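Below is one structure, written out as structure tokens; comments come after it.
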Amino acid sequence: MNDKTKLILNPFKKDIHFYHDGFRNMSTWGRNVWIIILIKLFIIFAILKLFFFPDFLKKNFENEKQRSEYVLDQLTPINNSYD
């Protein structure tokens, strides 16, 4: 590697080592808290998305052109106040 590449990768290496050492030396209590946080994130992003946020566009429109037209119509309402 050349010197420029080493300078770019060096801060990332420092960050990776910082977090790796922090998680490795974490207490049991801290690990349990991180497990709870990860379980909550999984529930929020996976479970809730499946049940409460169905794919509206894929269910109601057959192709990409229809989906894009619907989204465009919803984002750009017709405003006739200048007539």
Side-chain angles (χ1 to χ4, degrees):
M1 270 191 236
N2 59 17
D3 291 335
K4 190 173 186 180
T5 308
K6 287 181 183 178
L7 287 174
I8 292 172
L9 292 178
N10 194 24
F12 294 115
K13 280 185 176 182
K14 286 181 182 178
D15 289 344
I16 290 170
H17 287 298
F18 174 76
Y19 285 108
H20 183 263
D21 289 340
F23 286 120
R24 187 175 35 163
N25 296 326
M26 190 179 296
S27 66
T28 307
W29 183 85
R31 288 178 197 218
N32 290 339
V33 170
W34 273 106
I35 289 171
I36 291 170
I37 290 170
L38 293 175
I39 291 170
K40 287 174 113 178
L41 286 173
F42 174 76
I43 290 170
I44 289 170
F45 290 110
I47 307 288
L48 290 179
K49 184 187 181 317
L50 288 174
F51 292 112
F52 294 108
F53 302 108
D55 195 352
F56 174 78
L57 293 175
K58 193 167 269 190
K59 187 168 59 171
N60 293 331
F61 302 101
E62 294 178 5
N63 56 31
E64 291 294 321
K65 184 171 181 10
Q66 291 175 341
R67 291 180 193 128
S68 64
E69 287 173 356
Y70 175 77
V71 171
L72 184 63
D73 289 342
Q74 295 300 312
L75 291 176
T76 55
I78 297 173
N79 188 0
N80 291 330
S81 64
Y82 298 111
D83 290 341

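All heavy atoms count here, side chains included; hydrogens, waters and symmetry mates do not. Because the structure is predicted, anything quoted here is derived from the model rather than measured.
In terms of hydrophobic clustering, with Ile, Leu, Val, Met, Phe, Trp and Tyr side chains grouped at heavy-atom distances under 4.5 Å, L48 and F51 are assigned to a common cluster. Residues L72 and L75 fall into different hydrophobic clusters, defined by Ile, Leu, Val, Met, Phe, Trp and Tyr side chains chained together at heavy-atom separations under 4.5 Å. Neither L57 nor F52 shares a network with the other; the hydrophobic side chains, linked directly or stepwise wherever heavy atoms of I, L, V, M, F, W or Y lie under 4.5 Å apart, form separate groups for each. Note: the hydrophobic cluster containing W29 does not contain I36 (ILVMFWY, side chain heavy atoms under 4.5 Å, direct or indirect links).
Among I39, V33, L38, the single residue meeting the side-chain contact (heavy atoms from CB on, under 4.5 Å) criterion with I35 is I39.
Judged as a side chain to side chain donor-acceptor pair (under 3.5 Å), and not counting sequence neighbours, the contacts of R67 are E64. Considering only residues two or more places apart in sequence or on other chains, Y70 meets the ring-ring contact (aromatic ring centres under 6.0 Å, His included) condition with F56, F61.
In this structure, CG in D15 is found 6.5 Å from OH in Y19, a value given to the nearest 0.5 Å. Between the CG atom of D21 and the CE atom of M26 there is a distance of 11.5 Å, given to the nearest 0.5 Å. F45 contributes atom CZ, which lies 13.5 Å from atom CG of L50 (distance to the nearest 0.5 angstrom).
Between R24 and R31 the shortest heavy-atom distance is O-NH2, 3.0 Å.
Residue pairs meeting the salt bridge (charged side-chain N to carboxylate O under 4.0 Å, His left out) criterion with at least one member in residues 36-61: none, sequence neighbours excluded.
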